[in-house]
Participant: 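What follows is a structure written as C-alpha cells; I'll ask about it next.
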Amino acid sequence: MNEQSLAWCGSFFMDTKFDHTKIEDEIYQKWQNDGVFSPEKSFEIRKKAGLEVKNENFSVLMPPPNANAALHCGHATYAIQDLMARYKRMCGFKTLYLPGVDHAGFETQVVYERKLKKEGKSRFDFDRQTLFNNILEFVKQNSDVAVNQLRKIGMSADWDRTVFMLDDRVVNTVYDTFERMYKEGLVYRSDYLVNYSPFHGTTFSNLETTHIEQKDPLYYIKYGPFVLATVRPETKFGDTAVAVNPKDERYKEWIGKEIEVEGLVGIFKLKVIADSYVDPEFGTGVVKVTPAHDPADFEAGLRHGLEAISVIGLDGRLNQLCGKYAGMKVLEARKAIAEDLRNAGLLVKVDETYTHNIVVDYKDHKPIEPMLLPNWFIKMDGLSKEALKAVREGKVKFNKPTWKKQMITWLENTRDWPVSRQIVFGIRIPVWYSYTENPSMHVVFIDEKGISHDGKLSELIKQGFSLSQVIEGLQKLIAPKDAKFIVSRISPGEDFIQDTDTFDTWFSSGQWPLTTLHYPNGEDFKEYYPTSFMDSMWDILFFWLARMLMFGMYLGKQVPFKQVYVHGRIDDEFGRKMSKSLGNVIDPLEYIAKYGADALRMGILVGGNTSAKNTSLSEAKVKGYRNFANKLWNMARFTIMMIDSLEGTLPDINNILDLTEEDKLMMGNLEKTVKSVTKHIDKLRFQLAGDEVYQFVWHDVADKYIELVKNREGEEKTKGLVILKHVMLTCIKLLHPFMPFVTEAIWENLDKDNKVCLALSEWPK
RNA sequence: GGGCGGUUAGCUCAGUUGGUUAGAGCACCGCGUUUACAUCGCGGGGGUCAUUGGUUCGAGUCCAUUACCGCCCACCA
C-alpha cells in the first residue's frame, strides 16, 4: 500500500460500516489525477505496467444533458454508458467517454421565461441580443451544476474534452453544414403549413407535437346546397373548396361544379372537388376545405391546385378577411360565428358529445394552430434514404429488434424538416436580408427609450429610425416568403439584417457525433468515428438518434455509432411515471448522499432491466444495494484481518497444491462466474451480469467459503486465504463497472502491491 | 386508423437456444450477540406463470385466441 492510499483509508478501513461519504470524492479525484479518464493516458499507464492493450478503440458519447436544470433520475441511466466504458477500459481498449452539455434551445427558453414571469417580466421586454445573453448566462451557471452532479454518479468521462453546444467550434460546424446543404439544394424556404403555437410564438416540427382527446361541439351548418359538419366554423372564411368522396352516390352530380355559399361576410363561390380523403360515413360526407388551416386540407389543396387563404394571424386572432370577426381570438370567434349562423338559420344542429383528437405542443399541451408561414426546410428524401440503408444493412445494431423496426418505419416516412424556430435561444440562422431589396420586411424592435415598434421596415425608416437603430433593438423579423436572401455567417454589408429565427435544437444536436469529435479534420474524428456505443431513452429515438444517423451518413459517410442501446424510462416503485404533480420524483443526488453512488448505480443497472420499456426504482432497492456494498466491504476487511493474523507471507496462488474439494469447487465456480458475467456484459445484459456476481459474492463467497476458511487451521487455512484473496480480487474487478467506488477502495487495501488502480486493472479471464 | 409492448410470489422484477421440484431482492413469520458484517446469519410461508385452445415425449418459454394495462405513429372535418 503506498502513502497516497493510506491517506484516505487508514483507520477508516477498520470501520465496520462502509461510509461512502468519506471516500467517493477522493477516489474520483484520484482517478482524475491519475489520468484514468483520458484514453491516451490510461492507455500508456497500462502499457507501462505490462498489462494487455488492444489495437482497437472503444468510444461512447454522453448524451448532453440539458443545461437548463439540475439532473433528474433519468440521468442515473448514464451508469449504462459508464459501465461499458469502464468494462472496455479494463479489457484493454483505448476508451473514450466524451461528455458535453446541450443548450436545449426551446426547453431552456421556456424555463427561462417562467423565471422571468416570476419576476414580473417577459421576453417582450428585451431585445433579441440581450435576451440571448441573459439566457446564456443562466445556462452557464446550470451546466456546471449538471457536470458536477454527473461526477457524483461516477462517470469516467474525459472532462478535458467537454463540449458545449454553443461553443464557437460547434456553431461553425453547424453553419458549415447548413451552407453545404444550401449549396446542394437541400435547404429551401417556403410557405408551408406548419405547427404554430400562438402561446409560445414559435413553430414546431411534427415530432414536437402530440395529440390529446378533447370534446368539442360539432356544428352541422348549411353550406350552399349542402349541410356539412365542422368543429371549426371560424375558418370558413379561408375555405377554397368543398370536398366529397368520389364514390359517394349522394353527391356525384355536384363534382366539378361551382356552388355559392352564403357566408356571414358575403357570398363565396367554391368548387366541389372529389377526393378519397373524405370519409362518407362521417357527418354528412361533405367537407369544407381550408388549406391554410388544416393539414389534411392543405394536402388536398396541393392535389387540386387550390388557393390557401390565411384567416388567422400569429397572435391567434382572426384577420381582416373575417369582417366583423377580425381581431377576435379563435375560440371567441367560433362561439360568435356559431351564434350568428344560428340566428341566420344556417345552423342545422350541434352535436355536443363529439370527441376528437387535437394537436398540442409536447411541452405545455397548448393548442397548435396550423398556419401558412415561411420557414426554412431541409429536404429529407436523400438523407433518410442513406440512413435507412445503413440501418437495414445492419451497419448499426440495436439492443432490441423493436427499436430497429421503429427506426425503419420512421425513416421510410419522413417529411421535409422545418428547422427554423421563432425563439431566441439557439444557433441563429445564417441568412441575411437586404433592406434595399426587401423594404417590405416586417420588424419588431425596441428603441433606446425602451419603447417597442412594430411595422413594415420601410415605414419605420420613413418615420426617422435608422437601420442600425432597428438592428440594435431588433426582436423579430418576418421576411416575405419570396424575400431575397444571402446565406452567410457574417454580415454581408450594412444594408443587411439577419434572420431572427434559430435552428431547431435537433439540427445541432443531430450533428453531435461529428462536432464533438472535431469533424472533419480533427484527430479525434479520425480516431474515434464511428463511435462504438450509443445509449439513449426511446423518447428521443426519432428526435435525436434518427437525426444523428442522417447527419452521420451525410457528412461522416459512415454510421455515427455501431451499437445503439435504448434504455427504458425510470419509474417509481409502483411503476408510475415520475412527475411533480404525483410527488413521486426521486432526486438521484439525494440517494447518492444517503446510500452512495454505487448503490444508486446498482439500483438502476441490476435492480431492474435497463433495456425494458420502463423500469422501476425505489428507495428499498437502493438501500438493498447499499447493504451489498457494506457486505463487500466487510468481506474484504475480514479477509485482510485473517491474512494479517497469519505468520509469514502469503504464498502465490500459482504455488499452492493439493486443493480440497471445497477449494476446487470455489475456483470452479469463480471461473464459471467470470465467463458468464463477461458474456452477459458483451451481450448487453447488464442486469443478469450484475445479479450473477451479487449472488456469487454474497451466497457462495461470503455465506459459504469465508465461513469455511474461517474455521480452518494451519496450512489448510493459509491455502484457503490465498484462494479467498484471489476470489475477492476477481470479484471486485467484475463489480467495478457497476460499483466503481467501493471496489476501488477495497482494491487499494486488499492488493497492496497493485501497480495500477482498479479502474485500469485487467478484466479477469 | 396503423404498429408495438406487457400480464410470473404481497411489491419490483429475472427466467436469451422448450428439459429435474418456477427464481431473486424487498416485505412477512420463527430462531440466532460465534474471528467481519444486525446495512448480519440460519430456517420458513407464499405462485393453477392473465384466459382458452394448439404444437411437443415435455410449454412460463413456441403458435393462435380472448381479456385487461400501457406505448408509439397518423391529415378524419
Side-chain angles (χ1 to χ4, degrees), chain A residues 14-19 193 206-207 209-211 216 218-220 228-233 235 239 242-243 245 275 277-290 293-300 354 356-357 359 370 400-403 405-406 409-410 413 415 538-539 541-542 568-569 571-577 595-596 599 602-603 606-609 612-642 645 679-680 683-685 687-688 690-692 694-695 698-699 702-703 706-707 709-711:
Chain A
M14 298 313 289
D15 288 356
T16 60
K17 282 190 173 64
F18 171 64
D19 185 352
L193 201 71
N206 279 347
L207 279 176
T209 63
T210 186
H211 298 251
D216 275 311
L218 181 63
Y219 302 98
Y220 284 74
L228 58 76
T230 178
V231 288
R232 304 204 60 182
T235 61
D239 293 349
V242 166
N245 191 293
D275 198 295
Y277 91 106
V278 180
D279 177 4
E281 305 291 317
F282 185 88
T284 58
V286 184
V287 183
K288 68 189 205 56
V289 184
T290 325
H293 294 289
D294 182 278
D297 292 356
F298 183 77
E299 298 285 332
Y354 180 63
H356 64 147
N357 289 331
V359 183
K400 287 203 158 187
T402 180
W403 306 126
K405 269 192 261 175
Q406 283 198 29
T409 309
W410 192 80
N413 297 293
R415 298 176 147 226
W538 39 258
D539 61 343
L541 194 63
F542 309 135
R569 189 183 62 207
D571 289 342
D572 78 356
E573 59 182 312
F574 306 111
R576 299 174 308 180
K577 187 176 173 174
Y595 304 112
M602 284 294 276
V606 185
N609 182 358
K613 184 90 191 237
N614 305 314
T615 172
S616 75
L617 184 70
S618 64
E619 182 152 7
K621 241 179 220 180
V622 178
K623 199 171 167 182
Y625 290 112
R626 186 274 314 262
N627 295 353
F628 177 60
N630 187 60
K631 182 77 185 178
L632 198 63
W633 177 254
N634 277 290
M635 287 166 72
R637 263 184 69 230
F638 189 51
T639 304
I640 292 168
M641 278 164 58
M642 285 196 288
S645 68
K679 192 176 169 189
H680 280 316
K683 300 255 178 193
L684 309 176
R685 303 190 291 243
Q687 180 186 30
L688 300 185
D691 197 52
E692 190 149 342
Y694 178 100
Q695 298 300 333
W698 203 315
H699 302 302
D703 291 348
I706 288 186
E707 291 301 314
V709 173
K710 182 159 106 178
N711 295 317

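Lettering follows sequence order; numbering is per chain, from 1.
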Participant: Classify the nucleic acid contact of A:Ser618 as base, sugar-phosphate or nothing, counting any heavy atom under 4.0 Å across all strands shown.
Facilitator: nothing
Participant: Any carboxylate oxygen within less than 4.0 angstrom of a Lys/Arg side-chain nitrogen, looking at A:Lys17 and A:Asp19?
Facilitator: no
Participant: Whole angstrom is fine here: how far is it from NZ in A:Lys17 over to P in B:rC40?
Facilitator: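 Rounding to the nearest Å, NZ of A:Lys17 and P of B:rC40 are 10 Å apart.
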Participant: Within this structure, what is the CG-to-P distance between A:Asn614 and B:rG6, rounded to whole angstrom?
Facilitator: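 Rounding to the nearest Å, CG of A:Asn614 and P of B:rG6 are 12 Å apart.
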Participant: Are the charged groups of A:Glu573 and A:Lys623 less than 4.0 angstrom apart, N to O?
Facilitator: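 No, A:Glu573 and A:Lys623 are not salt-bridged.
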Participant: Using a heavy-atom cut-off of 4.0 Å across all strands, would you classify A:Val286 as base, sugar-phosphate, or nothing?
Facilitator: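 No contact.
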Participant: Say you pick atom C1' in B:rG15 and the same atom in B:rU55; how far apart are they, in whole Å?
Facilitator: 22 Å
Participant: With sugar-phosphate meaning primed atoms plus P, OP1 and OP2, does A:Asp703 contact a base, only sugar-phosphate, or nothing at under 4.0 Å between heavy atoms?
Facilitator: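 Since only primed, P, OP1 and OP2 atoms lie under 4.0 Å of A:Asp703, the category is sugar-phosphate.
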Participant: So that I know where these two stand, are A:Tyr625 and A:Tyr595 an aromatic pair - ring centroids less than 6.0 Å apart?
Facilitator: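 No; A:Tyr595 has its ring centre 6.0 Å or more from that of A:Tyr625.
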Participant: Does any part of the side chain of A:Arg569, heavy atoms only, come nearer than 4.5 Å to the side chain of A:Thr615, both counted from C-beta?
Facilitator: no
Participant: What's the separation between atom CG in A:Asp275 and atom CG in A:Asp297, rounded to the nearest 0.5 Å?
Facilitator: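 Rounded to the nearest 0.5 Å, the CG-CG separation comes to 10.0 Å.
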Participant: Ring centroids only, cut at 6.0 angstrom: are A:Phe282 and A:Tyr354 within range, meaning strictly under it?
Facilitator: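 Ring-ring flag for A:Phe282/A:Tyr354: true, centres closer than 6.0 Å.
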Participant: Using the C1' atom as the reference point in each nucleotide, state the distance between B:rU48 and B:rG5 in Å, no decimals.
Facilitator: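 That atom pair is separated by 26 Å.
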Participant: What is the distance from atom OH of A:Tyr277 to atom CG of A:Asn245, rounded to the nearest 0.5 Å?
Facilitator: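 Those atoms lie 11.0 Å apart.
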Participant: What integer number of Å spans the C1' atoms of B:rG19 and B:rC73?
Facilitator: 41 Å
Participant: Establish, with yes or no, whether the OP1 or OP2 oxygen of B:rA74 is under 4.0 angstrom from a side-chain nitrogen or oxygen of A:His211.
Facilitator: no
Participant: Would you sketch RNA chain B in dot-bracket for me? Only Watson-Crick or G-U wobble pairs with both distances under 3.5 Å count, crossing pairs as [ ], other-strand pairs as |, the rest as dots.
Facilitator: ((((((((.[[[[.)...(...]]]].(((((.......))))).....[.[[[..)....]]].])))))))....
Participant: Could you state the CZ-P distance from A:Phe542 to B:rC73, rounded to the nearest angstrom?
Facilitator: 6 Å
Participant: Between B:rC49 and B:rA36, how many Å separate the two C1' atoms, rounded to a whole number?
Facilitator: 40 Å
Participant: Distance between the P atoms of B:rC31 and B:rU35, in whole angstroms?
Facilitator: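 Rounded to whole Å, the distance is 23 Å.
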Participant: Would you say the side-chain atoms of A:Thr290 and A:Asp239 include a donor-acceptor pair closer than 3.5 Å?
Facilitator: yes
Participant: Supply the atom-to-atom distance A:His699 NE2 to A:Tyr694 OH, rounded to the nearest 0.5 angstrom.
Facilitator: 6.0 Å
Participant: With respect to the side chain of A:Met635, which nucleotide from B:rA77, B:rC75, B:rA36 is positioned closest?
Facilitator: B:rA36
Participant: A:Lys613 NZ to B:rG5 P: how many Å, rounded?
Facilitator: 10 Å
Participant: Using atom C1' in both nucleotides, what's the gap between B:rC72 and B:rA59 to the nearest angstrom?
Facilitator: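 Nearest-Å result for B:rC72 against B:rA59 at atom C1': 31 Å.
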Participant: If you check the A:Ala612 side chain, which of B:rA14, B:rA36, B:rA77 turns out closest?
Facilitator: B:rA14
Participant: Could you check which of B:rC37, B:rC75, B:rA77 has an atom nearest any side-chain atom of A:Asp279?
Facilitator: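 Ranking B:rC37, B:rC75, B:rA77 by closest atom to the A:Asp279 side chain puts B:rA77 first.
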Participant: Without decimals, in angstroms, what is the distance between A:Leu541 CG and B:rC73 P?
Facilitator: 10 Å
Participant: Tell me: NZ of A:Lys631 to P of B:rA38, nearest whole Å?
Facilitator: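 In whole Å, B:rA38 P and A:Lys631 NZ are 10 Å from each other.
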Participant: Starting the side chain at C-beta, find the nucleotide from B:rC71, B:rC42, B:rA77 nearest to A:Val231.
Facilitator: B:rA77
Participant: If you measure from the C1' atom in B:rA24 to the same atom in B:rC71, how many Å do you get, rounded?
Facilitator: 28 Å
Participant: Atom OG1 of A:Thr235 and atom NZ of A:Lys288: how far apart are they, to the nearest 0.5 Å?
Facilitator: 2.5 Å
Participant: Give the rounded distance in Å between these two atoms: CZ of A:Arg569 and C1' of B:rG5.
Facilitator: 13 Å
Participant: Side chain of A:Arg626 only, heavy atoms from C-beta on: which candidate in B:rA74, B:rA77, B:rU39 is closest?
Facilitator: B:rU39
Participant: Want to settle it: does A:Asp294 or A:Thr209 sit nearer the 5' end of RNA chain B, counting the closest nucleotide to each?
Facilitator: A:Thr209
Participant: With nearest nucleotides of RNA chain B determined for A:Lys400 and A:Asp572 from heavy-atom distances, which residue corresponds to the more 5′ nucleotide?
Facilitator: A:Lys400
Participant: In the 5'-to-3' direction, what one-character label does each nucleotide of nucleotides 16-35 of chain B receive under the scheme B = base within less than 4.0 Å of a protein heavy atom, S = sugar-phosphate only, - = no such atom?
Facilitator: B-------SSS--------B
Participant: Taking the P atom of each, how far is B:rA64 from B:rG10, in whole Å?
Facilitator: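 Taking atom P in both B:rA64 and B:rG10, they lie 30 Å apart.
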Participant: Indicate, with a heavy-atom threshold strictly under 4.0 Å, whether A:Tyr220 touches base, sugar-phosphate, or nothing.
Facilitator: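 Touches nothing.
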Participant: Considering just the side-chain nitrogens and oxygens of A:Lys577, establish if one lies under 4.0 Å of OP1 or OP2 belonging to B:rC71.
Facilitator: no
Participant: At under 4.0 Å between heavy atoms, what does A:Glu299 touch on the DNA or RNA strands: base, sugar-phosphate, or nothing?
Facilitator: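 It contacts nothing in the nucleic acid.
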Participant: Using whole Å, what does the distance between atom C1' of nucleotide B:rC73 and atom NZ of A:Lys405 come to?
Facilitator: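 For the pair A:Lys405 NZ and B:rC73 C1', the rounded distance is 14 Å.
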